[in-house]
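All chains are named by letter (A, B, ...) in the order of the sequence lines, taking the proteins before the strands, and each is independently numbered beginning at 1. Only this structure's heavy atoms are used, side chains among them; waters, hydrogens and symmetry mates stay out.
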There are 2 protein chains.
Amino acid sequence: MSHALSAAPRPPAWRPGSACNGSCRHASACEATRGGDPALLGVRGVVERVGPFSDGDRLVQPGSPHRGYFSVLSGMAKTTDANRVVAFHLPGELFALEPTRAQVHERSISAIGKTWFCRFPRDAMSDLCGDNDDIARHLAALRRREHRLLKASHDDGDALTRVSGFLFDLRCRRRHIEGESAFVPLPMSREDIGSYLGMSAATVTRMLGRLRAAGILTIRADGIDVSDEASLVPRQDSPGSKPSRSFIS
Amino acid sequence: MSHALSAAPRPPAWRPGSACNGSCRHASACEATRGGDPALLGVRGVVERVGPFSDGDRLVQPGSPHRGYFSVLSGMAKTTDANRVVAFHLPGELFALEPTRAQVHERSISAIGKTWFCRFPRDAMSDLCGDNDDIARHLAALRRREHRLLKASHDDGDALTRVSGFLFDLRCRRRHIEGESAFVPLPMSREDIGSYLGMSAATVTRMLGRLRAAGILTIRADGIDVSDEASLVPRQDSPGSKPSRSFIS
DNA sequence: CGACTCTTTGATCCTGATCAACACCGGTGG
DNA sequence: CCACCGGTGTTGATCAGGATCAAAGAGTCG
């Protein structure tokens, strides 16, 4: 599942002009077109499919010129900042929207397993935004969300809470793609999960084992089957009490 | 040093109309007038001195109407949010600037030890801001700083680093008031410091003890004497490496 | 002086990191 | 076909930081 770290982004098989016709498997979950919203269909005209990338290949790296936005067409991706994983990207999710004025990417984005991307050229998207307020607003909203997610820290609560919260989040996001399914693929390494959640890979394994022992999920080679979703969601016993810090006064 | 938690803000001895003549001991460190900047002298005409508050008395609490800004005239104060200390306020420092549109205070502010405040009525300050761009800009800058400080988390590094960083910060801020002085008063409880730094009071005591054992400071009943300031500042061995999380890929 | 709170200090416990050993798996080359 | 190999996942042992609990000083204020 892993590759030697590629020193530079490997030139993938670009498919310019392969505009989207809305027939891809995740069309209804596509964030770029908001699941096929008629107001946003113009976006389909500018998208290019790019791939395949294999595990570890970098799509962009810090300093590389920002010439487009991306979404996952199939597979998975991660964004890393200073060697720390700050986001995972599932099929349909749009990312690499940097601040509007940004000329270069600020973080690395790399494939997890064999992955195809959709690329939305920045110039074409800018033109679309100028012509279509809906697209502009939609993109701005997604950009704000990305900014929020990249800033969010996952250092709250203990290791078990963080792992189960992470799985719950993944499961919720997958629902948009696959609908109801107990299976949640985890193609990223335990190390990656640990980096994202701020714990060691060994602890990730142990917390998964604890959730398995509790009958909440079963562990497969390529992911997990969630059998008791209700137990994954962080249970907040009494409202307004966060035991992440010591109490005072 | 401590009081039973007062359920409601105790009405202090208000001194309306006691405009500032710049003769107070911390005039040169007064943030409201930027140390007596001629462009900001108008502020002195609207300030009122209020006090004395004794230890634990609340100046404002969440939900109380926002009718003024405050600074410490003498003593010290703390801002608490959900029972956590999020800021300490030293003489001369302006605070309780909430967002411009805020109608009510969002956090508690209470006195630490016997404390006098300067109160800057909101309406009068608004008028001043309308008449004087310097005052408006100055207030906006201070408001941004307050927002940043209240959001900042002190959960980076280990306990010793956080305590010494805290003391270093206090010492730097006191320099504006007292000039060069080895003494740094700590009128707040160890519990308060621990709440602010995200650790237990016992750990605060232990870390202080460790700094004392290292010859960096001596401990007094009401504070500390810093004898080796250079050792207080967080030493970053190699730039760009933060061992606060595990590393990846 | 006495009650009270705060600080200090010791003992213990818990969480999660770290390290090491081992199983597993896919790929590679004989 | 099979031995080998590097990377990954799992699991156990150990360790360190800091929380928690308890008990003993030390002020402090009435």
Quiz prompt | Qualifying residues under ring pair (Phe, Tyr, Trp, His ring centres under 6.0 Å), relative to B:His105, sequence neighbours excluded | solution = B:His66

Quiz item: What residues form a side-chain contact (heavy atoms from CB on, under 4.5 Å) with A:Ser74, not counting sequence neighbours?
Solution: A:Trp116

Self-check item: side-chain contact (heavy atoms from CB on, under 4.5 Å) involving B:Cys118 - partner list, sequence neighbours excluded
Solution: B:Val47, B:Ser71, B:Leu73, B:Phe120

Exercise. Could you state the atom-to-atom distance from CD of A:Glu191 to P of D:dT10 in whole Å?
Key: 12 Å

Quiz item: For DNA chain D, what residues of residues 204-215 of chain A have any heavy atom nearer than 4.0 Å?
Solution: A:Thr205, A:Arg206

Quiz item: Rounded to the nearest 0.5 Å, how far does CG of B:Leu232 lie from OG1 of B:Thr161?
Solution: 11.5 Å

Quiz item: Just to confirm, is there a sub-4.0 Å distance from OP1 or OP2 of C:dA17 to any side-chain nitrogen or oxygen of A:Thr203?
Solution: yes

Quiz item: Nearest-Å distance, CG (A:Leu186) to C1' (D:dT10)?
Solution: 15 Å

Quiz prompt | Proximal nucleotide (of C:dT15, D:dA19, C:dT7) relative to the A:Asp158 side chain | solution = C:dT15

Quiz prompt | Qualifying salt bridge (charged side-chain N to carboxylate O under 4.0 Å, His left out) pairs with a residue from residues 200-215 of chain B, counting only residues at least two apart or across chains | solution = none

Exercise. With the side chain of B:Arg190 defined as its heavy atoms from C-beta on, choose the nearest nucleotide among D:dT10, C:dT8, D:dT20.
Key: C:dT8

Practice problem: Could you pull out all residues at least two apart from A:Glu31 that satisfy salt bridge (charged side-chain N to carboxylate O under 4.0 Å, His left out)? | Solution: A:Arg145

